[in-house]
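Throughout, a chain's letter reflects where its sequence line sits, starting with A, and its residues are numbered from 1.
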There are 2 protein chains.
Amino acid sequence: MKPSPNPPTGLRARKKAQVRRTIQEQALRLFLSKGYENTTVEEIAAAAGVSHMTFFRHFPTKEAVVETDDYDPMIIQLIERRPPDEDALTALHRALIQGLEAVYAGDKDALLVRTRLILTTPALRARVWENQYATERLFAEALAARQPEADALRIRVLSAAALAALNTALALWVDSQGAEDLPPLVDRAFRALRD
Amino acid sequence: MKPSPNPPTGLRARKKAQVRRTIQEQALRLFLSKGYENTTVEEIAAAAGVSHMTFFRHFPTKEAVVETDDYDPMIIQLIERRPPDEDALTALHRALIQGLEAVYAGDKDALLVRTRLILTTPALRARVWENQYATERLFAEALAARQPEADALRIRVLSAAALAALNTALALWVDSQGAEDLPPLVDRAFRALRD
DNA sequence: TAACAAATGTTAGTCAATAACACTTGGAGG
DNA sequence: CCTCCAAGTGTTATTGACTAACATTTGTTA
């Protein structure tokens, strides 16, 4: 049994990753040009030069092809590293801002395009919120690890509220076509939460 | 052109309402006994003695059959009637509690069963959140009507956070099997929000 | 009671998703 | 280098949500 701490790098694995990337690119291109609902999985697969079965072997659902890479582990780490005397809401605020800066710096335009697509497509919005339900619980766990004394209801409410603040900031960012900068919007959203 | 301020009461309308009710009852019964995913629309329709087309003429999707009657208008009214000098978050808190008491008093057990079904079924959870996206905006509008001076971002964040608090309370209520009372949980959730 | 319209049924589709089975090809050991 | 295994893919068939077109039943209303 191999330890396999890092992914395989053989030709086979490279091909697989390439197919996955191609599917994702073609899907995004088609969604943006003719809309999510008007694009069939069959079309995406054809555009990527594979069969629809290959599509579903790489992505469990049509929605999954739009999903962001999972930022949760990064944010969780950032939360756990906040100073233990820091208020729970502040810790969430700072951790989210730190994580966001990293993503935002490299990806800004792509992030805007994809976020707009998601927020304007009901099926994709629903998918995102479903993910956030899980994220909320991870946040709550991370907060509990920091402060084992804390009230369970309180940290769950604050986790949910923090994600709500982030979502609102994202919505306004998309509304402004990216004219406003995202991190300041998130700051304002958290300040609104604090009264 | 008739004003039609109240629904028609003829035999036809009564039959239609009856069919709708029967479909909803049979659907809920089947969902609870064999699970949402394991129940097909065809089965529900057969149990209600209609064809699957009639099902879809009464409910746009399979998920819609579980949806609560729309409480939004009531809550909106309650928000708008809060004293104008009251803080936005407090207004949301009081309005939600008032609306909740009304629903809770009459419906408690049915509410618990249906809420549990929804929270344990991913497809239904997603549907609820999609609705809450709309509800959030209605709340924000109602708050803006009360206080035209208020910051748009702030009232949207607070609306989203209020719904997050309500959701968390509902989740804990379901977790406790209804042993805890819901209104106090909502109160605690809002207090957590206020720091 | 005749005529209209609302409600439902029948039938035939589309599309997402899954399953079963066959095929191609990279990778590891001899 | 060759062989064999398994990962990756293709083909085909099926289920289930949902839609469209058209026919049929059944209140309503004049």
- prompt: Is a salt bridge present between B/R146 and B/E80, judged by a nitrogen-to-oxygen distance below 4.0 Å?
  reply: no
message: Check this for me, if you would: do B/K108 and B/D181 make a salt bridge, where the nitrogen-to-carboxylate-oxygen distance has to be below 4.0 angstrom?
response: yes
With a 3.5 Å cut-off and just heavy-atom distances, do the side chain of [X] and the base of [N] make a donor-acceptor pair?
| X | N | value |
| --- | --- | --- |
| B/H52 | C/dT10 | no |
| B/R12 | C/dA7 | no |
| A/R14 | C/dG26 | no |

task: In sequence, state the C-alpha distance, the side-chain angles, and the governing distance for B/R14 and B/L11, and then conclude on side-chain contact (heavy atoms from CB on, under 4.5 Å).
output: CA-CA 5 Å; B/R14 253 177 298 125; B/L11 172 56; 4.1 Å; yes
query: Given D/dT9, is OP1 or OP2 found less than 4.0 Å from the side-chain N or O atoms of A/H58?
result: yes
query: Does the side chain of B/T54 get closer than 4.0 angstrom to OP1 or OP2 of C/dG9 through an N or O atom?
result: yes
Of all the nucleotides listed ([options]), which has the minimum atom distance to the side chain of [X]?
| X | options | value |
| --- | --- | --- |
| A/T40 | D/dA17, C/dA16, C/dA17 | C/dA16 |
| A/K15 | C/dT18, D/dC18, C/dG26 | C/dG26 |
| B/V41 | D/dA17, D/dT19, D/dT26 | D/dA17 |
| A/R57 | D/dG10, C/dA17, D/dA21 | D/dG10 |
| B/K62 | D/dA17, D/dT12, D/dG27 | D/dA17 |
| A/L11 | D/dA21, C/dA17, C/dG26 | C/dG26 |

field: Backbone N/O of B/I118 and side chain of B/T121: donor-acceptor pair under 3.5 Å
entry: no
May I have the distance from [X] (atom [atom1]) to [N] (atom [atom2]), rounded to whole angstrom?
| X | N | atom1 | atom2 | value |
| --- | --- | --- | --- | --- |
| B/E42 | D/dT14 | CD | C1' | 15 Å |
| B/K16 | D/dT26 | NZ | P | 17 Å |
| A/L124 | C/dA16 | CG | C1' | 14 Å |
| B/I23 | C/dG9 | CD1 | C1' | 13 Å |
| A/E43 | C/dT14 | CD | C1' | 12 Å |
| B/F55 | C/dG9 | CZ | P | 13 Å |
| B/E37 | C/dA16 | CD | C1' | 14 Å |
| B/Q18 | D/dG27 | CD | C1' | 17 Å |

message: For the residue pair B/K62 and B/F55, would you count it as a cation-pi contact if the rule is NZ or CZ under 6.0 angstrom from the ring centre and within 45 degrees of the ring axis?
response: no
query: Mapping B/M53 and A/F56 onto DNA chain C by nearest heavy atom, which one lands closer to the 5' end?
result: B/M53
- request: For A/S51, answer base if it contacts any base atom (sugar-phosphate contacts may also be present), sugar-phosphate if it contacts only those atoms, and nothing otherwise; contact means non-hydrogen atoms under 4.0 Å.
  value: base
query: Among B/L163, B/L92, B/L153, which residue meets the side-chain contact (heavy atoms from CB on, under 4.5 Å) test with B/L158?
result: B/L92
